[in-house]
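Input: a single structure, listed below in structure tokens.
Just so it is clear, the structure is predicted and the values come from calculations on it, not from any experiment.
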Amino acid sequence: MRLEINDKTMKVLKFGGTSMGSTDSLQKVAAILKDNYSNGEQIVVVCSAMSQVTNKLISMGQLAEQDRLQEAMTLFNEIREKHIASAKELDTEQSFDSVSKPLFQELEKLIQGIGLIHELSARSVAYLLSFGERLSTRLLTAFLQKTGLPTTQFDSTFIKTTGINYEEDEVNWETTKLLVNETLRSNLQKNTICVVTGFF
């Protein structure tokens, strides 16, 4: 996708789970972004969940569906502690806590809901998996802001699809391009790094 901002083309950098998986990796990501930013690039960053988080989210949903809620909540606590520990190491615990606490509460309610109805639909799986990226992008954003880089986090609600296949569907490119323009342009014009969820 090409988007002209002030006669420049935005640069999209994608970081997978391994790149997001540890504090050392996150520091390397930040260094890459700082180099690009210093070169005058207008940057959009797309992030996966931290490594192993997606697998744990899927297992959580499956365990809850099987009425094994205690085991599901053990994985929930592992995911929460992984992110909180990383935030502490990056010295962003307070800022990360303020944006992640509502997400953890939402995730806990989702797991309990799956346990109550004993059903894990495709829609629930997609919703469940979104938490990995929603947490990782908030963690990276908090760290980038701490390093002095102007950064804004976005859940990628501006990506629109053509149908109702919640786990994998065709993108409606025309609508999405318009919404990307509307959503990101003002931040890019202000030379703000946009950090966007990869799966949402």
Side-chain angles (χ1 to χ4, degrees), residues 13-34 37 43-66 68-116 120 124-157 192-200:
L13 294 94
K14 171 69 167 65
F15 295 98
T18 302
S19 296
M20 302 295 294
S22 67
T23 52
D24 285 344
S25 297
L26 287 167
Q27 288 169 338
K28 290 176 183 176
V29 167
I32 291 169
L33 296 176
K34 186 174 183 179
Y37 187 81
I43 305 167
V44 176
V45 186
V46 181
C47 300
S48 295
M50 296 185 79
S51 58
Q52 301 304 313
V53 168
T54 297
N55 291 338
K56 288 185 178 181
L57 287 167
I58 293 171
S59 296
M60 276 172 54
Q62 293 170 338
L63 289 167
E65 183 184 31
Q66 298 164 16
R68 297 160 63 184
L69 198 56
Q70 188 172 355
E71 293 172 74
M73 291 310 298
T74 297
L75 291 179
F76 168 83
N77 288 326
E78 289 177 7
I79 290 172
R80 181 170 59 184
E81 288 306 313
K82 180 181 179 72
H83 287 84
I84 291 173
S86 295
K88 285 181 180 178
E89 289 182 36
L90 295 169
D91 196 24
T92 58
E93 184 179 6
Q94 186 173 356
S95 57
F96 178 68
D97 180 68
S98 65
V99 293
S100 64
K101 192 172 183 178
L103 281 184
F104 285 123
Q105 292 172 341
E106 186 182 342
L107 177 57
E108 185 173 7
K109 288 179 182 177
L110 174 60
I111 293 302
Q112 291 171 344
I114 292 169
L116 282 172
L120 186 61
S124 295
V125 170
Y127 181 32
L128 185 61
L129 292 180
S130 74
F131 283 89
E133 282 75 9
R134 292 162 76 185
L135 288 165
S136 68
T137 53
R138 284 162 173 80
L139 177 60
L140 178 61
T141 297
F143 182 53
L144 292 176
Q145 290 171 344
K146 180 183 176 297
T147 66
L149 291 173
T151 310
T152 303
Q153 187 273 345
F154 294 90
D155 291 337
S156 51
T157 53
T192 298
I193 297 172
C194 300
V195 178
V196 182
T197 54
F199 181 99
F200 190 74

What pairs of residues pass the ring pair (Phe, Tyr, Trp, His ring centres under 6.0 Å) test when at least one of them lies in residues 124-155, not counting sequence neighbours? Y127-F131

Is there a side-chain contact between T152 and V195 (heavy atoms, below 4.5 Å)? no

G21 to S51 - nearest heavy-atom pair and separation: CA-OG, 3.5 Å

Once rounded to the nearest 0.5 Å, what's the spacing between atom CD of E81 and atom CZ of F76? 9.5 Å

For atom CD of Q105, is the number of surrounding heavy atoms from other residues, nucleotides or ligands below 6.0 Å larger than 12? yes

Between Q112 and L69, which heavy-atom pair has the shortest distance, and what is it? CA-CD1, 4.4 Å

Test item: V196 and V45 side chains (from C-beta on) under 4.5 Å apart, heavy atoms: no

Roughly how far, to the nearest 0.5 Å, is CD1 of I193 from OH of Y37? 6.5 Å

With R68, the side chain to side chain donor-acceptor pair (under 3.5 Å) member among Q70, Q66, E65: Q66

Using the side-chain hydrogen bond (donor to acceptor under 3.5 Å, both in side chains) criterion, which residues pair with S22? Sequence neighbours excluded. S25

Within the structure provided, determine whether L13 and V44 are in side-chain contact (heavy-atom separation under 4.5 Å). no

Residues passing the side-chain contact (heavy atoms from CB on, under 4.5 Å) test with S19, sequence neighbours excluded, are F15, V29

Counting C-beta onward and ignoring hydrogens, is there a side-chain heavy-atom pair between L107 and L57 closer than 4.5 Å? yes

Reported CE-to-CD1 distance for the pair M60 and I79, which is rounded to 0.5 angstrom: 5.0 Å

Enter the distance from L63:CG to T74:OG1 here, rounded to the nearest 0.5 Å. 9.0 Å

For residues L140 and C47, determine if any side-chain heavy atom of one lies less than 4.5 Å from a side-chain heavy atom of the other. yes

Do any N or O atoms from the side chain of E133 and from the backbone of G198 form a donor-acceptor pair under 3.5 angstrom? no

Heavy-atom check, side chain of K82 versus side chain of Q52, under 4.5 Å: no

For residues 83-104, which residue pairs qualify under side chain to side chain donor-acceptor pair (under 3.5 Å), counting only residues two or more places apart or in two chains? T23-E89

Results of side-chain contact (heavy atoms from CB on, under 4.5 Å) for A85 - residues two or more places apart only: none

So SG of C194 and CD1 of I43: to nearest 0.5 Å the spacing works out to 9.5 Å

Please give me the minimum heavy-atom distance between A64 and A72, naming the atom from each residue. N-CB, 4.1 Å

Tell me, please, which residues at least two apart from K56 pass salt bridge (Lys or Arg N to Asp or Glu O under 4.0 Å). E78

Note: S48 and K14 closest approach over all heavy atoms is OG-NZ, 2.7 Å

Can you list the residues that meet the side-chain contact (heavy atoms from CB on, under 4.5 Å) rule with Q153, with sequence neighbours excluded? T137, R138, T141, D155, T197

Side chain to side chain contact (heavy atoms under 4.5 Å, CB included) between M20 and L26: does it pass, once the steps are laid out? CA-CA 6 Å; M20 302 295 294; L26 287 167; 3.7 Å; yes

Salt bridge (Lys or Arg N to Asp or Glu O under 4.0 Å) against E106, all qualifying residues, sequence neighbours excluded: R134

I'd like to check I111 versus L128 (side-chain heavy atoms, cut-off strictly below 4.5 Å). Are they in contact? yes

V125: side-chain contact (heavy atoms from CB on, under 4.5 Å) partners, not counting sequence neighbours: L120, L129, E167

Check whether any side-chain heavy atom of T54 lies under 4.5 Å from a side-chain heavy atom of I58, and answer yes or no. yes

Taking all atoms of both residues into account, what is the closest heavy-atom pair of F96 and A87, and its distance? CD2-CB, 3.7 Å

